There are 2 protein chains.
Amino acid sequence: MNVRTLCLGILAFEEASGYEIKKAVEDGMFSHFIEASYGSIYPALTQMLADGLVSVREQVQEGKPLKKAYSITEAGRKALKNSLHELPQQDKFKSEFLFQALFRDQVDPKHLEAVFNEQMDYLCGELATIEECRQSVEPGSGHAFVNGYGHAVVSAAIQYMEESRSSLGLPQKPISSDAAE
Amino acid sequence: MNVRTLCLGILAFEEASGYEIKKAVEDGMFSHFIEASYGSIYPALTQMLADGLVSVREQVQEGKPLKKAYSITEAGRKALKNSLHELPQQDKFKSEFLFQALFRDQVDPKHLEAVFNEQMDYLCGELATIEECRQSVEPGSGHAFVNGYGHAVVSAAIQYMEESRSSLGLPQKPISSDAAE
DNA sequence: ATTGTTATATATCAGTCCGATACATCACTT
DNA sequence: AAGTGATGTATCGGACTGATATATAACAAT
């Protein structure tokens, strides 16, 4: 699946600009299972416009830059439906954190601790985003399933991390900066 | 982090060929949190050889093609250690399965079921790989932590998938081909 | 016998995508 | 008056993927 299909999928829910698509995959509804950069989103929109899969509406906004609001066309919906019936590629998961954790005996304990805490912050942030979205999702929908999947997985990761603190030789949960001692 | 560092990391554990590195990230110890293709592994090894980070030993094998066994050098270990002290990038997770699940009302139920079952197979395969590796890992090591992380996350995914069968309108667990009805 | 498949192994390349950067406008703070 | 941050479009070098080519040998099937 390429970025074009990804954009079509987001536009199938609502009209959006390139900037908004980027936000959706960075922080929004789609953030925990999709990635895409400006360098692929903008060319994808341009190309799909040429192919008639999307249409633009240039919005002149007060106090903000020009915004190109893209909408999916009928041809676009058809193309999306086709893509949805292809066999999906395998999930891809890359974690540099886990890679570093593999060599924990070769890194400075201070670094390990910093990296560990950053990972916890990241995971908790993901969980917060997922829980935010959970409210605006109707039960039984595809959104609900995907949201629940993310919640299950990220929760499990957080719990495992928490349980592993001692076995990694790290100090317990640093709730406030001067609780230890 | 680039593929060069990734290869160095694997070579820090044991001498390996490009083919074996690919296997390690595809099926082995590293498979659930690392990705790399031949198209990046072989150039990485060639370049690192030129830079003196690895050395080769050409093995003439009986009944098999020539094998170039790469080993990490002292300079390579130093370079790896440096890389390990950089801040890791955020985890990346992409799931086309979840993307398709998002549009479950727009896809053929047969397709949804097939895709769902394939995802289950994939996840169970991952779990099996992780459990295989678990045996050959010494407790308390970085390997053990990473292995446990994978186990926690994949187990959670499988459990959630299992619980969601009915809410997606799918038939129950197809253990054998003619158990239903 | 010979065709096909699977496993081992190296290597390349078109196309895709990321990460960084540039540019521009406005709100808000310092 | 300067700096920061959010909104917004756009491009590009370089990294990486996915597919393909090449080669050898074991093994199964026809």
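All heavy atoms count here, side chains included; hydrogens, waters and symmetry mates do not. Just so it is clear: chains get the letters A, B, ... in the order the sequence lines come, proteins before strands, and each one is counted from 1. Keep in mind that what you see is a predicted model, and the values were worked out from it rather than measured.
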Using a heavy-atom cut-off of 4.0 Å across all strands, would you classify A:Ser17 as base, sugar-phosphate, or nothing?
sugar-phosphate
By nearest nucleotide on DNA chain C, pick out whichever of A:Met1 and B:Thr46 is the more 5' one.
B:Thr46
N or O in side chain of A:Ser40 less than 4.0 angstrom from C:dC18 OP1/OP2:
yes
Should B:Leu11 and B:Tyr19 be regarded as members of a common hydrophobic cluster, given that ILVMFWY residues are connected when their side-chain heavy atoms come within less than 4.5 Å of each other, either directly or indirectly?
no
Please give, in whole Å, the distance from C:dA9 P to B:Glu58 CD?
13 Å
Contact class for A:Lys92 vs. all strands (heavy atom < 4.0 Å): base, sugar-phosphate, or nothing?
sugar-phosphate
State which of C:dC17, C:dT10, D:dA6 makes the closest approach to the side chain of B:Tyr42.
C:dT10
Can you check whether A:His111's main-chain N or O pairs, donor with acceptor, with B:His85's side chain at less than 3.5 Å?
no
Separation of atom OH in B:Tyr38 from atom C1' in D:dT20, rounded to whole Å:
13 Å
Mind checking the CZ-CE spacing from B:Phe145 to A:Met161? Nearest 0.5 Å is all I need.
5.0 Å
Integer-rounded Å distance: C:dA7 P and B:Lys22 NZ
15 Å
Check every atom of D:dA10, C:dA7, C:dA11 against the side chain of A:Tyr70 and return the nucleotide holding the closest atom.
D:dA10
Just the rounded figure in Å: distance from P of D:dT17 to CD1 of B:Ile41.
8 Å
A:Glu96 CD to D:dA15 P, straight-line distance once rounded to whole Å:
15 Å
Using whole Å, report how far CG of A:Leu45 lies from C1' of D:dT11.
15 Å
Compare side-chain N and O positions of A:Tyr19 against OP1 and OP2 of D:dT7 and report whether any pair is under 4.0 Å apart.
yes
Rounded to whole angstrom units, what separation is found between the CG atom of A:Asp27 and the P atom of D:dG5?
16 Å
A:Lys68 side-chain N/O to D:dA10 phosphate OP1/OP2 under 4.0 Å
yes
From the options C:dA9, D:dG8, C:dA11, select the nucleotide whose nearest atom is closest to the side chain of B:Lys67.
C:dA9
Residue whose nearest DNA chain D nucleotide is more 5′ - A:Gly18 or B:Glu35
A:Gly18
Touch class at under 4.0 angstrom, heavy-atom based, for A:Gln89 against every strand present
sugar-phosphate
Judged by atom type as modelled, is there a donor-acceptor pair below 3.5 Å linking the side chain of A:Glu20 to the main-chain atoms of A:Ser17?
yes
May I ask you to decide if B:Leu53's main-chain N or O and B:Thr73's side chain share a donor-acceptor pair within less than 3.5 Å?
yes
N/O donor-acceptor pairs under 3.5 Å from side chains in residues 31-45 of chain A, not counting sequence neighbours:
residue: A:Ser31; atom: OG; partner: A:Gly28; partner atom: O; Å: 2.9
residue: A:His32; atom: NE2; partner: A:Val146; partner atom: O; Å: 3.4
residue: A:Glu35; atom: OE2; partner: B:Phe93; partner atom: N; Å: 3.4
residue: A:Ser40; atom: OG; partner: A:Ser37; partner atom: N; Å: 3.4
residue: A:Ser40; atom: OG; partner: A:Ser37; partner atom: O; Å: 2.9

Mind checking if B:Gly39 touches a base, just sugar-phosphate, or nothing, with heavy atoms under 4.0 Å?
base
What integer distance in Å separates B:Arg4:CZ from D:dA15:P?
7 Å
Side-chain N or O of A:Lys94 closer than 4.0 Å to phosphate OP1/OP2 of D:dA15:
no
Looking at C:dA7, I'd like to know if its phosphate oxygens (OP1 or OP2) sit under 4.0 Å from a side-chain N or O belonging to B:Lys23.
no
Does B:Glu20 or B:Pro43 map to a spot on DNA chain C nearer the 5' end, using the closest nucleotide for each?
B:Glu20
